[in-house]
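Okay, structure first, notes after.
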Amino acid sequence: MYDWLNALPKAELHLHLEGTLEPELMFMLAERHGVRLPFADVEALRQAYSFNNLQEFLDLYYQGADVLRTEQDFYDLTWAYLLKCKEQNVVHTEPFFDPQTHTDRGIPFEVVLNGITQALKDGEQKLGIKSGLILSFLRHLSEEEAFKTFEQALPFRDAFVAVGLDSSEVGHPPSKFKRVFDRARSEGFAAVAHAGEEGPPSYIWEALDLLNVVRIDHGVRAVEDERLMHRLIDQQIPLTVCPLSNTKLRVFDDMSQHNILTLLERGVKVTVNSDDPAYFGGYVTENFAALHESLGMTEAQAKRLAQNSLDARLVI
Ligand SMILES: Nc1ncnc2[nH]cnc12
Ligand SMILES: [Zn+2]
């Protein structure tokens, strides 16, 4: 089944480039820049990837990103991910990047963006993988800081297709970013947002009604609100679900409890994605494989999930 799932053409719509930083690359970049990591070796770092919630993961994820410093680093990071896409027949990807994670430690916005966009261009030319980059705001920071980031990005408007919202969800509802999302949409960008990962269904409502998002990232807590379920089904609003992430971050205790196939069978437009594969134990194919192993996902269901991902692309 793994090989069959791997060969299925698919799109990835929920992937943080910073979350593809494999321990081996982290150590290589640390050496490149003479940075001392607080882990003895790759194995010790992997051992640390055990989380009780989103915040415990984010603390390590932001710390790991500190080795990303030059254009070449961002290129290498993105290219390594695109090679994985090639290997797993991900024919299209719409990755996030978090500019504030880097600009806040003094890395110029252009350094981050140039490295990523050059790799994405090469990915299309040399590997045939299409992409659309999503600029994501960190929701634990202020709306004013999100505005600053957006203004900084505008001169490079051709480099990205949408804005997103990620980081610590609870306590930072979508409403906090209504005005900056209004501004981004007025400039012609699509909007997506993480909502209903750890946060309540009301955050999904806000993402839809206040931020006017065209997709919900995660959204698995929608099942707690039947009226919301009807909205998602009636309007066929895609959810970018990340099964391995959800179990690693304890949104579900075990993969056997994951609700993605229940959502699929109720008619919600769900897709399968890897979120932060270097930290959560697998890329897209591993996510599909886990659904087969733990939930008995059939080939027909896998085909529908893959087709949903192609249908839900922002860029065609
Ligand atoms: N799963 C996730 N939720 C929120 N912010 C993130 N940043 C990277 N991965 C994330
Ligand atoms: Zn995410």
Side-chain angles (χ1 to χ4, degrees), residues 11-22 26 49-66 68 77-78 81 93-104 112 116 132-141 145-146 149 162-174 176-177 191-200 203-204 206-207 211 213-222 238-252 258 260 270-284 286-287 290 309 312 314:
E12 177 148 62
L13 307 176
H14 185 155
L15 179 282
H16 302 264
L17 285 170
E18 293 88 347
T20 68
L21 180 56
E22 291 286 349
M26 198 190 292
Y49 292 176
S50 166
F51 313 109
N52 291 303
N53 52 49
L54 174 60
Q55 193 59 51
E56 285 187 10
F57 155 68
L58 289 171
D59 292 343
L60 207 67
Y61 162 88
Y62 294 129
Q63 183 188 317
D66 183 45
L68 295 163
L77 176 78
T78 308
Y81 165 64
T93 180
E94 294 181 359
F96 301 111
F97 77 120
D98 293 335
Q100 290 157 297
T101 299
H102 314 297
T103 53
D104 284 5
V112 180
I116 293 172
L133 186 61
I134 304 174
L135 183 155
S136 200
F137 301 117
L138 297 181
R139 70 201 304 159
H140 67 276
L141 301 178
E145 286 166 290
T149 301
V163 293
L165 189 63
D166 63 10
S167 192
S168 322
E169 186 181 9
V170 174
H172 303 283
K176 179 177 163 185
F177 296 93
V192 298
H194 283 53
E197 178 185 18
E198 286 188 344
Y203 284 23
I204 303 176
E206 285 190 12
L211 306 188
V213 300
V214 293
R215 292 196 300 246
I216 295 286
D217 297 315
H218 293 295
V220 291
R221 288 195 59 190
L239 303 188
T240 63
V241 178
C242 308
L244 285 173
S245 165
N246 291 156
T247 49
K248 275 283 191 180
L249 302 185
R250 306 206 158 278
V251 172
F252 297 94
H258 203 289
I260 184 168
V270 281
T271 65
V272 177
N273 306 271
S274 69
D275 206 3
D276 302 286
Y279 293 88
F280 300 150
Y283 290 76
V284 177
E286 285 78 19
N287 275 271
S309 72
L314 289 171

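Atoms within a ligand are numbered from 1 in the order they appear, just like the ligands themselves.
Taking the six-membered ring for Trp and thresholds of 30 and 60 degrees, Tyr279 and Phe57 have ring planes more than 60 degrees apart, a perpendicular arrangement.
Only protein atoms were considered; those of element N, O or S under 2.8 Å from the Zn ion (ligand 2) number 4.
Evaluated for a ring pair (Phe, Tyr, Trp, His ring centres under 6.0 Å) with His194, the options Phe177, Phe96, Phe137 yield exactly one hit, Phe96. Checked against Asp166 for a side-chain hydrogen bond (donor to acceptor under 3.5 Å, both in side chains), the options His16, His140, His218 give a single hit: His16.
Between the Asp217 side chain and the Thr240 main chain, no donor and acceptor come within less than 3.5 Å of each other. Of the possible polar contacts, one joining the Glu169 side chain to the Gly196 backbone as a donor-acceptor pair under 3.5 Å is found.
Of the N and O atoms on the side chains of Asp276 and Ser274, not one donor lies less than 3.5 Å from an acceptor on the other residue.
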Glu94/Leu133 under side chain to side chain contact (heavy atoms under 4.5 Å, CB included): CA gap, chis, key distance, verdict: CA-CA 5 Å; Glu94 294 181 359; Leu133 186 61; over 6 Å; no

Candidate pair Gln55 and Asp59, rule side-chain hydrogen bond (donor to acceptor under 3.5 Å, both in side chains), full reasoning: CA-CA 6 Å; Gln55 193 59 51; Asp59 292 343; 2.9 Å; yes

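Between Tyr61 and Asp98, the closest side-chain pair of non-hydrogen atoms falls below 4.5 Å.
Protein residues having a heavy atom under 4.0 Å from any atom of ligand 1 are His16, Leu54, Phe57, Leu58, Tyr61, Asp166, Ser167, His194, Glu197, His218, Asp275, Asp276, listed by chain and number.
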